[in-house]
Each structure stands twice: as C-alpha cells, then as structure tokens.
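The structure appears below as structure tokens.
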Amino acid sequence: MKLLKERILTDGKCFEGGILKVDNFINHQMDPKLMYAMAEELATRFAGSGANKILTVEASGIAPAIMVGYIMGLPVVFAKKKVPSTMEGVLTAEVHSFTKNRNYTMCVSSDYLHSEDRILFVDDFLAYGNAAVGVVELVAKGGAQIVGMGFLVEKAFQHGREVIEQMGIRVESLARIASLDGGVITLAE
Ligand code: 5GP
C-alpha cells in the first residue's frame with residue numbers, strides 16, 4: 001500500500017536487532033486517517049473470507065483491528081497478555097515476544113471465542129510469527145477456524161509469513177520490509 005510505504009520511509013526509524021519504530025503514526029501517536037485507509041485495504045482484501053469476528057492482541061493490534069471490524073461490521077476481540085484473575089473459561093497460549101524478549105501468556109475468554117467462529121486475525125507487525133502461532137493455538141482451543149491474517153507491516157526478513165502459510169493460512173500485509181540492515185529501511189517491493 002503506497003501511502004503506508006511512503007510514510008514508513010519518511011517517518012520510520014530502525015533500531016538494533018531488526019526493529020522498526022513507527023511511533024509517530026502507528027504505535028504511540030496514531031494517524032487515524034492512515035489507520036482507516038489501512039483498515040479499508042485489509043477489509044477489501046478479506047471481503048470474501050467469510051470472517052465473522054476479528055481477533056487481535058493488545059495493545060498495538062487494537063487500533064487497526066477495531067477499524068477493520070468497524071468497516072466489515074464485525075465484532076472485535078483482543079487477546080490479553082496477562083490472565084485476569086476474574087476471567088472464567090480462559091483459553092491460553094504461551095508466546096515469545098520478540099520486541100520485549102520475554103514470554104507471556106496470551107488469553108481470551110471462551111465467552112468470546114466459539115466453535116462456529118471464523119476468525120480474521122489483525123495485527124500491526126508480522127515478524128517471526130510468534131504471536132500468530134499463539135493465536136492459532138488459542139483459536140484451535142476454542143474449536144474455531146482462522147480464515148486469514150492481515151498485518152500492517154511485515155518484516156519479510158524474519159520469515160513469519162512462511163510459518164503461517166505452512167499452516168495453510170492466508171496472509172496479507174500492506175508493506176513488506178526486505179531489510180533494516182545498516183539502519184536503512186529497504187522495502188521488499
Ligand atoms: P512476531 O510475533 O511476529 O514475532 O512479532 C509480532 C509482534 O511483535 C507484533 O504484535 C508487534 O507488536 C511486535 N513487533 C515485532 N517486530 C516489531 C517491530 O519491528 N516494530 C514494532 N513496533 N513492533 C514489532
């Protein structure tokens with residue numbers, strides 16, 4: 001998506017260890033117009049997917065997910081990264097966070113994930129695919145089905161796409177980064 005790629009080149013910043021910081025339009029300060037345009041693009045790509053629910057992970061996935069849900073007219077559920085003591089019938093998966101270099105327990109209440117659900121997972125970044133694999137586990141525990149995964153930014157050099165596609169899941173992303181080597185952002189196409 002041209003608009004996002006241009007914005008990444010203008011405002012994105014590279015950090016040690018292959019991290020792209022997009023704090024002034026996605027992850028801290030947010031640009032609602034760009035967020036809406038990105039959500040429209042994901043909604044268009046997944047229009048025929050048969051999704052009946054959007055799933056994301058707190059915190060940074062919530063903004064794009066709620067916009068996709070708004071446009072597609074679907075409810076949005078976010079997986080939490082800490083199991084609340086009051087949550088009943090909790091579905092969990094252990095996930096390794098690449099940016100924070102620690103593990104966390106991703107969880108969703110079984111009240112919001114049912115066997116008839118057809119899930120579209122939406123997140124800000126696809127890196128190694130660890131969060132996505134956790135989501136696959138959660139959705140399987142709920143007996144539901146995944147119809148696709150949509151990301152704003154894909155770091156192609158970390159190969160999360162291969163992991164997800166090997167599970168037979170459709171992946172869409174709006175900007176693919178080929179490399180952040182030497183502090184230079186190189187787009188994949
Ligand atoms: P994965 O689970 O695919 O390895 O990593 C995806 C998750 O880690 C995303 O939910 C995102 O929040 C975070 N993440 C991974 N790489 C980056 C990055 O380069 N920049 C930012 N801002 N977040 C990232």
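Start at 1 and go down the list; that is how both ligands and their atoms are numbered. If you're wondering where the values come from, they're calculated on a predicted model, not measured in any experiment. Numbers here are sequence positions counted from 1.
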Would Gly129 count as a contact of ligand 1 if the rule is a heavy atom under 4.0 Å away? yes
One thing to verify: whether Lys33 and Asp31 come together as a salt bridge, which I'm taking to mean a side-chain N less than 4.0 angstrom from a carboxylate O. no
Does the N or O separation between Leu20 and ligand 1 drop below 3.5 Å for any pair? yes
If Ile, Leu, Val, Met, Phe, Trp and Tyr residues are connected whenever their side-chain heavy atoms lie under 4.5 Å apart, and connections chain through other members, are Val122 and Leu3 in the same group? yes
Separation of Ser49 OG from Arg170 CZ (nearest 0.5 Å): 7.0 Å
To which protein heavy atom is atom 10 (O) of ligand 1 closest, and what is the distance rounded to 0.1 Å? Asp123 OD2, 2.8 Å
Do Asn101 and His96 come close enough that some side-chain heavy atom pair is under 4.5 Å? yes
Which atoms of ligand 1 sit under 4.0 Å from any heavy atom of Ser60? 12 (O)
Starting from atom 4 (O) of ligand 1, which protein heavy atom do you reach first, and at what distance in Å? Tyr128 N, 2.9 Å
Can you spot which of Ile54, Leu113, Val147 makes a side-chain contact (heavy atoms from CB on, under 4.5 Å) with Ile119? Leu113
Within ligand 1, which atoms have a heavy atom of Asn130 less than 4.0 Å away? 1 (P), 2 (O), 3 (O), 4 (O)
Gly160 to ligand 1, any heavy atom closer than 4.0 Å: no
Taking the non-hydrogen atoms of Thr99, is any one of them nearer than 4.0 angstrom to ligand 1? yes
Does even one non-hydrogen atom of Asp124 get within less than 4.0 Å of ligand 1? yes
Who's closest to atom 22 (N) of ligand 1 heavy-atom-wise, of Asp23, Leu180, Val153, Asn27? Asn27
Kindly indicate whether the side chain of Arg45, heavy atoms from C-beta on, has any atom under 4.5 Å from the side chain of Leu174. yes
Minimum-distance protein heavy atom relative to atom 5 (O) of ligand 1: Ala127 CB, 3.5 Å
Note: with side-chain heavy atoms under 4.5 Å as the link, the other cluster members for Met87 come out as Val83, Val90
Side chain or backbone, does Phe125 bring an N or O within less than 3.5 Å of an N or O on ligand 1? no
So which of His159, Arg161, Lys155, Gln158 gets nearest to atom 19 (O) of ligand 1, if we judge by its closest heavy atom? Lys155
Can you pull the ring pair (Phe, Tyr, Trp, His ring centres under 6.0 Å) pairs that have at least one residue in residues 26-46, sequence neighbours excluded? none
Numbered atoms and elements of ligand 1 in range of Phe98, under 4.0 angstrom, heavy atoms: 15 (C), 16 (N)
Quick one: which of Lys82, Glu94, Lys80 gives a side-chain hydrogen bond (donor to acceptor under 3.5 Å, both in side chains) with Thr105? Glu94
Heteroatom proximity flag, Ala131 to ligand 1, N/O under 3.5 Å: yes
